[in-house]
Amino acid sequence: MMIKFLDLHAQYMSIKSDVDAAIADVIANSAFIRGPHVARFEQAFADWIGVAHCVGVANGTDALEIAIEALDLPPGSEIIVPGNSFIASSEAVSRSGHAVVFADADAGSYTLDPESVRAKITPRTRALMAVHLYGHPCDMKSLMAIAREHDLRVIEDCAQAHGAKFNGQNVGTCGDLATWSFYPGKNLGAFGDAGALTTQDAGLARRAQMIANHGRVGKYDHEFEGRNSRLDGLQAAILSAKLPHLEGWIDKRIALADSYLVGLADIAEVTLPVRRNWARQVYHLFVIRTGRRLELAEYLKARGIETGVHYPTALPRLKAYRNHPQHGEALNVCAMDSQLLSLPIGEHMSLSDVTAVSEAVRDFFTA
Ligand SMILES: *Cc1c(COP(=O)(O)O)cnc(C)c1O
């Protein structure tokens, strides 16, 4: 038996003719940079999310940097970021000339704890970044209320949350700007790096689009210095071919997660992820916690079951933040990072795979 953590080849084989035709069309038209395939994907993705504007960019990290730049905050502004995320979330803040302030996450959904956000606000705080981690939406009602009260801008990092909903509302439609990654392993993945920003605000969309394309208003006519972060035609065409399948893939992930939640219930040593009653959690990752993480991972590996860890070191504890004032701060997220284990989940799996993984986990703890 072999249960892979991720199987991109199996996904490709299931939609091969659509993807191959999309690629051939880009090549036949030499539409490599921007062009009609990018415009079509931007429109399709905006429609799918239910927002007015989508700007394709080179990757999800650039999307965050461009989002922050588009907000035009005073230099040195403090931006609140959860202490548990991929480093791109905080990196984008520092690289944009602002100060990262880490807030804590709740120990069930692993998303920003609004009370912790409130406690981190200072007179220099200008924005907060709501990372919908693992595919679980943040508590956007509480976060937007805090943002209104303190006049903060809100960026949603939706890299792991395509299709997630807060109270029935799509993530990426709640804040000022949302950023997306189409890294191959994300729930909607390209065949290379790709990303996007979405927003309801025409002015922010225009500014983001210009930043991503050298501040250009016309050929060799540049209103300001931007950068080169464009979505390419091949990636856009592949993403357009995949988008119609995404709802089905999400439903599959939710069914698999529900099966895990039943199969792993009542194992005292395992803490299961909590899905808040207002959440459509799209399970980019299915993360459990156990004090015996390493041993369990080895045990599963010996049985042909791949696992991952997201993330083994909470952001404030990384070497990159050894000089950050919060390095060493006693946050929940820092206490939990040694216990996290991501079990395999994805449309390549069957319900009987989940049963096999659940039984292996149970065997480990009862052996
Ligand atoms: C993947 C990811 C990013 C970065 O996206 P890239 O496309 O890899 O640059 C940002 N934030 C989070 C939470 C991610 O998971």
Side-chain angles (χ1 to χ4, degrees), residues 5-6 8 38 41 45 54-69 79-96 100 102-103 105 109-112 127-138 140 143 154-164 171-172 174-175 177-198 208 211-212 227-232 234-236 238-239 242 253 273 281-287 308-316 318 320 333 337 340 342 345-346:
F5 190 73
L6 181 69
L8 293 177
V38 172
F41 174 69
F45 194 67
C54 173
V55 179
V57 297
N59 57 68
T61 307
D62 280 6
L64 283 165
E65 288 189 24
I66 292 164
I68 295 168
E69 191 176 336
I79 301 182
I80 296 174
V81 176
N84 57 333
S85 187
F86 180 58
I87 191 172
S89 306
S90 49
E91 194 179 49
V93 171
S94 308
R95 293 190 67 86
S96 311
V100 177
F102 292 114
S109 73
Y110 303 103
T111 57
L112 266 179
L128 67 87
M129 191 186 293
V131 182
H132 306 299
L133 199 71
Y134 306 157
H136 192 292
C138 292
M140 292 312 294
L143 293 178
V154 176
I155 298 163
E156 298 180 71
D157 179 345
C158 302
Q160 302 188 1
H162 319 73
V171 300
C174 308
L177 274 161
T179 66
W180 307 84
S181 168
F182 307 116
Y183 177 82
K186 299 289 159 83
N187 286 12
L188 178 62
F191 282 11
D193 276 314
L197 295 98
T198 54
I211 293 167
R227 58 194 285 177
N228 176 2
S229 181
R230 296 176 298 225
L231 178 59
D232 70 70
L234 281 171
Q235 303 309 339
I238 291 163
L239 290 166
K242 285 190 176 192
R253 281 177 186 270
Q281 145 71 307
V282 294
Y283 293 102
H284 174 59
L285 296 166
F286 188 90
V287 179
V309 177
H310 304 86
Y311 295 91
T313 311
L315 295 174
L318 286 172
V333 293
D337 63 7
L340 304 169
S342 306
I345 193 164

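Just follow the structure's listing: the first ligand is 1, and inside any ligand the first atom is 1. Throughout, numbering of the chain's residues begins at 1 and tracks the sequence.
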Quiz item: Of Gln160, His162, Glu156, Gln281, which meets side-chain hydrogen bond (donor to acceptor under 3.5 Å, both in side chains) against His132?
Solution: Glu156

Practice problem: Provide the closest heavy-atom pair for Tyr311 versus Tyr134 in the form atom of the first, atom of the second, distance. | Solution: N-OH, 4.5 Å

Quiz item: Nearest protein heavy atom to atom 4 (C) of ligand 1, by residue and atom, and its distance?
Solution: Thr61 OG1, 3.5 Å

Quiz item: Less than 3.5 Å between some nitrogen or oxygen of Asp193 and one of ligand 1, yes or no?
Solution: no

Quiz item: Which bit of Asp157 gets closer than 4.0 Å to ligand 1, counting heavy atoms only: side chain, backbone, both or neither?
Solution: side chain

Quiz item: Strictly under 4.0 Å, does any heavy atom of His284 approach an atom of ligand 1?
Solution: no

Quiz prompt | Test of proximity, Phe86 against ligand 1: N or O pairs below 3.5 Å | solution = no

Practice problem: Return yes or no for this condition: an N or O of Gln160 is under 3.5 Å from an N or O of ligand 1. | Solution: yes

Practice problem: List the closest protein heavy-atom neighbour of atom 1 (C) of ligand 1: residue, atom name, distance to the nearest 0.1 Å. | Solution: Lys186 NZ, 1.5 Å

Quiz item: Can any side-chain N or O of Lys242 pair as donor or acceptor with the backbone N or O of Ala190 at less than 3.5 Å?
Solution: no

Exercise. Considering the heavy atoms of Ala159, write down every atom of ligand 1 situated less than 4.0 Å from one of them.
Key: 2 (C), 3 (C), 10 (C), 11 (N), 12 (C), 14 (C), 15 (O)

Exercise. For Gly60, counting its heavy atoms only, list the atoms of ligand 1 lying under 4.0 Å from any of them.
Key: 5 (O), 6 (P), 7 (O), 9 (O)

Quiz item: How does Val131 reach ligand 1, if at all, at less than 4.0 Å between non-hydrogen atoms: by side chain, backbone, both, or neither?
Solution: side chain

Self-check item: Atom of Ala236, atom of Leu231 and distance for their closest heavy-atom approach
Solution: CB-CD2, 4.0 Å

Self-check item: Shortest non-hydrogen contact between Leu112 and Ala130, atoms and distance
Solution: CD1-CA, 4.1 Å

Quiz item: Is Ser85 in contact with ligand 1, taking contact as a heavy-atom separation below 4.0 Å?
Solution: yes

Quiz prompt | For Asn84 against Ala105, the heavy-atom pair lying closest together | solution = OD1-CB, 3.4 Å

Quiz item: What are the two closest non-hydrogen atoms of Ala208 and Ile66, and how far apart are they?
Solution: O-CG2, 3.7 Å

Quiz item: Of all heavy-atom pairs between Ser89 and Met129, which one has the smallest distance, and what is that distance?
Solution: O-CE, 3.1 Å

